[in-house]
Number of protein chains: 2
Amino acid sequence: MNVQLLNKKEAIFESTLKLINEHGFHGTPMSQIATHANVATGTIYHYFNSKDELILELFKYCREKTNEHIFNFDEDLAYKERFFYIWNRLVDYYLTHKETFWFIEQFYSSPYYELIKQKKTTYYGVDKMYLFFEEGIKSGIIRNVSFYTLISVYIGSATSHVKMVTYGFCKMQTKGREDLIEIIWNGVKNQ
Amino acid sequence: MNVQLLNKKEAIFESTLKLINEHGFHGTPMSQIATHANVATGTIYHYFNSKDELILELFKYCREKTNEHIFNFDEDLAYKERFFYIWNRLVDYYLTHKETFWFIEQFYSSPYYELIKQKKTTYYGVDKMYLFFEEGIKSGIIRNVSFYTLISVYIGSATSHVKMVTYGFCKMQTKGREDLIEIIWNGVKNQ
DNA sequence: ATTTAGTAATTGAACGTTCATTCGGTTGCA
DNA sequence: TGCAACCGAATGAACGTTCAATTACTAAAT
């Protein structure tokens with residue numbers, strides 16, 4: 001696949017992302033995506049077999065981009081620092097890529113996600129998080145609770161925070177963020 | 001509005017809830033809702049002006065029902081007990097009303113929510129939560145952080161937990177739940 | 001270097017279906 | 001008698017997808 005192709009495919013992705021954010025999955029016709037991406041309607045069907053496949057691929061694309069961004073830390077950092085770092089990187093990425101964030105949220109809570117879930121392939125991001133929490137537990141730094149409990153509180157608080165900020169309920173102030181991740185840390189660390 | 005009407009309206013609500021969970025907002029035709037609710041298509045338009053209005057009203061209906069359920073505690077309970085109680089009631093309600101949960105999640109992350117958000121009416125649930133956290137801060141039991149920080153961690157963890165369980169990632173075991181709310185409590189309480 | 005042929009990418013009008021909404025008529029109740 | 005509730009076939013617009021035709025690219029042959 002040459003560069004030109006990559007550009008068209010990405011243009012379609014980006015247009016879909018933007019339009020779905022504004023009008024929802026089904027409020028976004030293929031024709032509109034095509035216009036916005038400066039391609040013909042038929043061209044989309046050269047890259048994707050259907051609208052559903054386009055949306056599924058876009059989801060994977062978004063998830064990959066997010067993961068690439070948050071796991072690029074210095075391995076030498078102390079555990080606590082990495083704990084704060086990863087969380088902050090995630091919040092940062094979502095706040096600077098709100099369309100990605102909302103698309104992922106929309107996708108996860110829609111019936112689309114059922115289609116992905118069935119393929120029980122653990123993917124990069126989950127693996128990384130699992131290893132990170134495992135390290136914390138084994139070294140006695142954080143409490144010995146299940147992976148999914150840790151994920152719930154770690155990721156759940158991050159996404160809730162991003163929602164609050166993008167809804168406009170609270171300002172994007174560092175204070176609230178720092179408080180929040182500190183609360184999480186206090187909660188999961190071994191006393 | 002008599003009982004019969006209430007029944008039809010509620011039947012429409014419940015059918016919409018169920019079908020939207022299965023097929024999404026736009027994968028659910030009005031005709032299908034009508035069939036499922038045992039009414040004629042036209043009847044829906046007697047109660048709601050449009051599909052959008054139906055979905056908006058359903059959202060309010062779900063939110064009210066949820067709030068009714070979680071704030072019925074004994075005022076005499078100690079603060080910590082109420083802190084655990086409300087959280088558990090919320091998780092309970094969502095786990096036993098998964099369709100309500102997913103509909104609300106879908107709604108919040110869709111463009112529909114923009115329509116509601118603009119009407120800056122604070123509603124019952126938010127008020128109650130605000131007063132509850134305020135009480136905890138004033139009495140020195142929990143840390144003095146912003147309302148939205150507390151909401152992020154308290155509600156965020158609950159919804160994340162429910163997602164994990166309904167996705168089938170972790171079993172509906174009391175252990176994980178107890179760990180989770182305890183982590184939150186450890187995080188927000190004054191040391 | 002130029003031609004040629006084959007393949008991949010692209011186009012957008014046309015098709016057939018689906019769906020939200022309407023409306024004229026019917027029922028049931030006060 | 002009047003009004004609200006209810007019905008469901010009809011309407012017309014919108015949308016996903018197809019497809020026959022056109023263009024752009026690649027590389028082998030001359």
Side-chain angles (χ1 to χ4, degrees), chain A residues 1-59 61 103 106-107 110-112 114-116, chain B residues 1-61 103 106-107 110-116:
Chain A
M1 187 178 280
N2 61 36
V3 175
Q4 172 64 7
L5 284 188
L6 242 170
N7 284 346
K8 290 244 162 160
K9 196 169 180 180
E10 288 206 340
I12 294 168
F13 273 154
E14 296 299 331
S15 297
T16 310
L17 196 54
K18 182 182 168 58
L19 293 169
I20 284 185
N21 258 277
E22 281 169 21
H23 308 112
F25 287 131
H26 302 264
T28 309
M30 294 295 262
S31 56
Q32 207 177 320
I33 295 171
T35 306
H36 191 275
N38 281 312
V39 299
T41 314
T43 305
I44 300 178
Y45 288 85
H46 179 70
Y47 295 98
F48 308 97
N49 290 322
S50 65
K51 190 178 178 182
D52 275 9
E53 191 185 295
L54 164 58
I55 289 169
L56 251 67
E57 291 299 316
L58 176 55
F59 173 71
Y61 172 84
F103 174 76
Q106 241 186 110
F107 188 93
S110 77
Y112 278 113
E114 285 293 321
L115 304 176
I116 294 257
Chain B
M1 185 180 281
N2 62 35
V3 176
Q4 172 63 9
L5 283 189
L6 241 170
N7 284 345
K8 290 242 161 156
K9 196 169 178 178
E10 288 206 341
I12 294 168
F13 273 154
E14 295 300 330
S15 298
T16 310
L17 197 54
K18 184 184 166 57
L19 293 169
I20 283 185
N21 257 279
E22 281 170 20
H23 308 111
F25 287 131
H26 301 265
T28 309
M30 294 296 261
S31 55
Q32 209 177 319
I33 294 171
T35 306
H36 192 275
N38 281 313
V39 298
T41 314
T43 305
I44 301 179
Y45 286 85
H46 179 69
Y47 295 99
F48 308 98
N49 288 322
S50 67
K51 191 178 179 183
D52 276 10
E53 191 185 295
L54 163 60
I55 289 169
L56 250 67
E57 292 299 315
L58 176 57
F59 173 70
K60 290 182 197 162
Y61 171 84
F103 174 76
Q106 239 185 110
F107 189 93
S110 76
Y112 278 112
Y113 186 59
E114 286 291 322
L115 303 176
I116 294 258

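Letters A, B, ... are given to chains in the order of the sequence lines, protein chains preceding strands, and every chain is numbered from 1. This is a predicted model, so every value here is computed, not measured.
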Separation of [X] atom [atom1] from [N] atom [atom2], in whole Å?
X	N	atom1	atom2	result
Q32(B)	dG8(D)	CD	P	17 Å
I33(A)	dG16(D)	CD1	P	7 Å
F48(A)	dG16(D)	CZ	C1'	15 Å
I44(A)	dC15(D)	CD1	C1'	12 Å

Counting only heavy atoms and a strict 4.0 angstrom limit, can you tell me which residues of residues 16-24 of chain B come near DNA chain D? none

Atom of E53(B), atom of F48(B) and distance for their closest heavy-atom approach: OE2-CA, 3.7 Å

When you measure from the side-chain N and O atoms of H46(B) to the phosphate of dC6(D), is any distance below 4.0 Å, counting only OP1 and OP2? no

Just N and O in the side chain of T43(A): are any of them under 4.0 Å from OP1 or OP2 of dA9(C)? no

Letter per nucleotide, 5' to 3', of nucleotides 20-30 of chain C [B base touched, S only sugar-phosphate touched, - untouched; heavy atoms, 4.0 Å]: SBB--------

Which residues pass the side chain to side chain contact (heavy atoms under 4.5 Å, CB included) test with F59(B), sequence neighbours left out? R63(B), F103(B), I104(B), F107(B), Y108(B), Y113(B), I116(B)

Side chain to side chain contact (heavy atoms under 4.5 Å, CB included) against D52(A), all qualifying residues, sequence neighbours excluded: S50(A), Y112(A)

Candidates dG8(D), dT11(C), dC6(D) - which lies nearest the side chain of K8(B): dC6(D)

Would you mind listing every side-chain hydrogen bond (donor to acceptor under 3.5 Å, both in side chains) that reaches into residues 13-32 of chain B, with sequence neighbours excluded? E14(B)-Y61(B), S15(B)-H36(B), K18(B)-E22(B)

Does any pair with a residue in residues 23-51 of chain A pass salt bridge (charged side-chain N to carboxylate O under 4.0 Å, His left out), and if so which ones, sequence neighbours excluded? none

